Amino acid sequence: MGSRRLHSETTAEAYLELLKDRGIDVFLGNAGTDFASLVEAFARFESDGRPAPRPLVVPHEFVAVSMAHGYYAAGGRPAAVMVHVNVGTANASTAVITASRANVPVLMTAGRTPITEEGQPGSRDLHIHWAQESFDQAAMLREYVKWDYELRTPDQLEAVVDRAFELMHAEPRGPVYLTLPREVLAARPRPMTITSPPRRESRGDRFPDPARIDEAARILARAESPIIIASAAGLDARAVPGLVEVAEAGGIGVVEGDPIYMNFSHRHDLHLGYNQSGTTNPSLAEADAILVVEADVPWYPALQKPAAGASIIHLGVDPFFSRYPMRSYPCDVAIAATPAAALPLLADAVRRHADGPAVSRRRHRLAAEHRQRLAAWDAIVLRQASASTIGFAWASRCIEEVADEGTIVVNEYPLDRRFAAFTRPGSYFASPHSSGLGFGLGAALGVKLARPEATVVATVGDGAYFFGEPLSCLFVQRAHALPMLTVIFNNQQWEAVKSGALAVHPAGIAKARGRFPLSELTPSPRFEEMARTVDGYGERVESPAELPAALKRGLSAVREGRPAILNVLCQRAV
């Protein structure tokens, strides 16, 4: 523990130096007139050769926050984002909602219209400085951030920044929101002494109650047909081997419920498939004990529920998802803990209580079920390989086959996990369940920013591609040397809208006519041509036989440093 003396020209300069000291390496900016002193401070750091967060221009606010989300998910470190006053905050709000529901810490900041009309450096001098002032700018995000505040004086800078850090890292983690008035950023602060590293730290694992661990272990060990349902445990790569330990200790099958990350290897004998939106997994109805690990929606009560007598255990940093207004899943044992810390302890306890021969018999039976499922999925892929049009199963398998140990896939809905096996922690990221469309492109850029050595593939639907501000994302790829392969599953519709209409009106006029107003995206643009705007590679793919080679060409371009887009005309046929 030590201290540092800052002699900064402006508060903005001191702020950036403090961020760097606190571990912020990237500053994702969508700038406006409120950034004046930050622009000058970055220029001063460059001129003097002093360390500061790396400033990256991102031409749309939604992309900037989505990048920060992907950056944390792939690298475990938060990024700073700054947008222009209230209007920039509004554009960023969907991405903030997504980060909030995914428990991803983001230092979300925005300028604030100058407070004073005259008399200070940074006072109002443009027409917008009156019309853009809000009575309560943070109100639009308050439900989705853990803390919001406005920096009022340079003297409180260290205290405010450290307050932001301790709250965004406290479990359950999430974004915070800080507004920075132009006059405060422009003010010349007194020399300040900062503590380095900070004394206020909230990072670290949340450990479980040993009594709850033992209670849960007894339930799982005594059950005839226990299962585990996991969705977001894999955000922390350490949780993946812990989940494997628990499954193997008790001979417990694992179902991934709309997985956001790679939680458990698809190839492991105890992997029993997926619960995906609108579908059920047969293992749920057979289970007499269920361990739910970081899964906000482990099953769909309207479609299928566990057996009436099944014991339910929920494990997670916030096992009741307390920020969800309504969630009524039964819970017999709640374990509030970091999965990476709790799962090895639970595995040890299950081993103590389990009956060895029973575990062996169950593992043998589940391995047979696992092989049967894989064979059925392989048969679907084989049928689609010789079809006249590209099916989602075939497209998903082709992507799996071109992925190597250095590939990371960021998926926004279309990639079907049944047909694309992921076995490495950190190799797969998907949209959180609250995500507004468009998350995938920006998140993939953030993943590439955190893991520049990786080959990043973004799989998105054509509807999501529209929402993702693709031109901004292409600019970022070229401007900041973050090339990636974008694979558009182009079925020329918002499939979720069509599926929703069919679910509510299964015998309706829309189905009878085969036309679903407000869901159809025709005529479809030639998305692949957008790659030319950044000297990238673009290709349109229309037949199953063409896809493997097209993927290889796209990846070759990316590895040469060029963005690539594949526009894959396909349909979700099984």
Side-chain angles (χ1 to χ4, degrees), residues 1-29 31-55 78-85 107-126 129 132-134 136-138 145 147-169 176-202:
M1 189 69 63
S3 61
R4 292 177 53 204
R5 192 77 166 163
L6 302 185
H7 298 274
S8 306
E9 291 293 316
T10 62
T11 305
E13 186 179 328
Y15 173 65
L16 294 177
E17 192 162 355
L18 186 58
L19 291 186
K20 183 65 176 177
D21 184 87
R22 279 7 182 197
I24 295 290
D25 292 324
V26 295
F27 185 99
L28 305 169
T33 57
D34 43 352
F35 280 62
S37 298
L38 289 164
V39 171
E40 175 64 18
F42 275 122
R44 183 179 291 273
F45 282 116
E46 288 180 9
S47 175
D48 296 345
R50 289 184 290 144
R54 176 187 172 191
V81 178
M82 186 162 172
V83 302
H84 176 52
V85 299
L107 180 60
M108 174 67 195
T109 64
R112 190 237 191 253
T113 298
I115 300 166
T116 56
E117 294 182 324
E118 58 182 319
Q120 293 189 41
S123 291
R124 299 181 185 188
D125 56 10
L126 292 171
H129 290 159
Q132 283 185 341
E133 186 174 23
S134 301
D136 187 356
Q137 183 172 306
V145 296
W147 170 84
D148 66 85
Y149 198 72
E150 181 171 295
L151 183 66
R152 294 161 187 168
T153 170
D155 293 340
Q156 63 175 167
L157 182 63
E158 183 181 20
V160 168
V161 168
D162 285 350
R163 178 68 169 159
F165 272 69
E166 69 185 359
L167 290 177
M168 74 176 176
H169 283 296
V176 295
Y177 182 63
L178 176 63
T179 52
L180 303 167
R182 193 164 79 152
E183 299 99 321
V184 178
L185 288 176
R188 182 167 190 140
R190 295 178 295 187
M192 63 178 71
T193 300
I194 64 169
T195 302
S196 182
R199 295 181 63 188
R200 292 159 55 183
E201 276 289 343
S202 58

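All values below were derived from every heavy atom in this structure, side-chain atoms included, with hydrogens, water molecules and symmetry-related copies excluded. Remember, it's a predicted structure, so these values are computed and weren't measured experimentally.
- Taking a cutoff of 4.0 Å between a charged side-chain nitrogen and a carboxylate oxygen, Asp155 and Arg190 qualify as a salt bridge.
- Scanning all heavy atoms of the two residues, the minimum distance from Gly111 to Met82 falls at N-CE, 3.5 Å.
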- Task: List the steps and the verdict of salt bridge (Lys or Arg N to Asp or Glu O under 4.0 Å) for Arg50 and Glu13.
- Result: CA-CA 11 Å; Arg50 289 184 290 144; Glu13 186 179 328; 2.9 Å; yes
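- Interatomic distance, Thr109 OG1 to Glu150 CD, rounded to the nearest 0.5 Å: 12.5 Å.
- Residue Thr11 holds its OG1 atom at 10.0 Å from CG of Leu180, rounded to the nearest 0.5 Å.
- When side chains are defined from C-beta on, Leu107 counts as touching Val176, because their heavy atoms get closer than 4.5 Å.
- Comment: Arg4 engages Asp21 in a salt bridge, judged by a side-chain N to carboxylate O separation of less than 4.0 angstrom.
- Here the side chains of Thr113 and Asp34 are not in contact, with every heavy-atom distance at 4.5 Å or above.
- The pair Arg22-Glu158 counts as a salt bridge, with a side-chain nitrogen and a carboxylate oxygen less than 4.0 angstrom apart.
- In this structure, Thr10 contributes its side chain and Ala187 its backbone to no donor-acceptor pair below 3.5 Å.
- Note: Arg44 CZ to Leu16 CG = 12.0 Å, rounded to the nearest 0.5 Å.
- Taking CD of Glu17 as the reference point, atom CG of Leu6 lies at 4.5 Å (rounded to 0.5 Å).
- A donor-acceptor contact closer than 3.5 angstrom links the side chains of Tyr177 and Gln137.
- Between Leu19 and Phe165, some side-chain heavy-atom pair lies under the 4.5 Å cut-off.
- Asp148 and Ala138 get closest at one heavy-atom pair: OD1-CB, 3.5 Å.
- Nearest heavy atoms, Arg182 versus Ser123: NH2-O, 2.9 Å.
- Ser8 contributes atom OG, which lies 9.0 Å from atom CZ of Arg188 (distance to the nearest 0.5 angstrom).
- Every residue meeting the ring-ring contact (aromatic ring centres under 6.0 Å, His included) condition with Phe27, not counting sequence neighbours, appears here in chain and number order: Phe42.
- Residues Ala79 and Ile24 come closest through the heavy atom pair C-CD1, 4.2 Å.
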- Going through the checks in order, is the side-chain contact (heavy atoms from CB on, under 4.5 Å) test met by Thr153 and Val184? CA-CA 6 Å; Thr153 170; Val184 178; 5.9 Å; no
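- The CE atom of Met108 sits 10.5 Å away from atom OG1 of Thr179, with the distance rounded to the nearest 0.5 Å.
- When all heavy atoms are compared, the tightest approach of Ser37 to Leu185 is CB-O, 3.6 Å.
- Within a 6.0 Å sphere centred on CZ of Arg5, other residues, nucleotides and ligands contribute more than 12 heavy atoms.
- Applying the side-chain hydrogen bond (donor to acceptor under 3.5 Å, both in side chains) rule to Thr33 yields the partners His129; only residues at least two apart in sequence or on another chain are considered.
- Here Glu133 pairs with Arg124 in a salt bridge; the nearest charged N to carboxylate O distance falls below 4.0 Å.
- Contact check for Pro53 versus Asp25: no side-chain heavy atoms found under the 4.5 Å cut-off.
- Residues His84 and Gln132 meet the side-chain proximity criterion, which asks for heavy atoms closer than 4.5 Å.
- Classified by interplanar angle (parallel below 30°, tilted 30° to 60°, perpendicular above 60°), the ring pair Trp147/Tyr149 is parallel.
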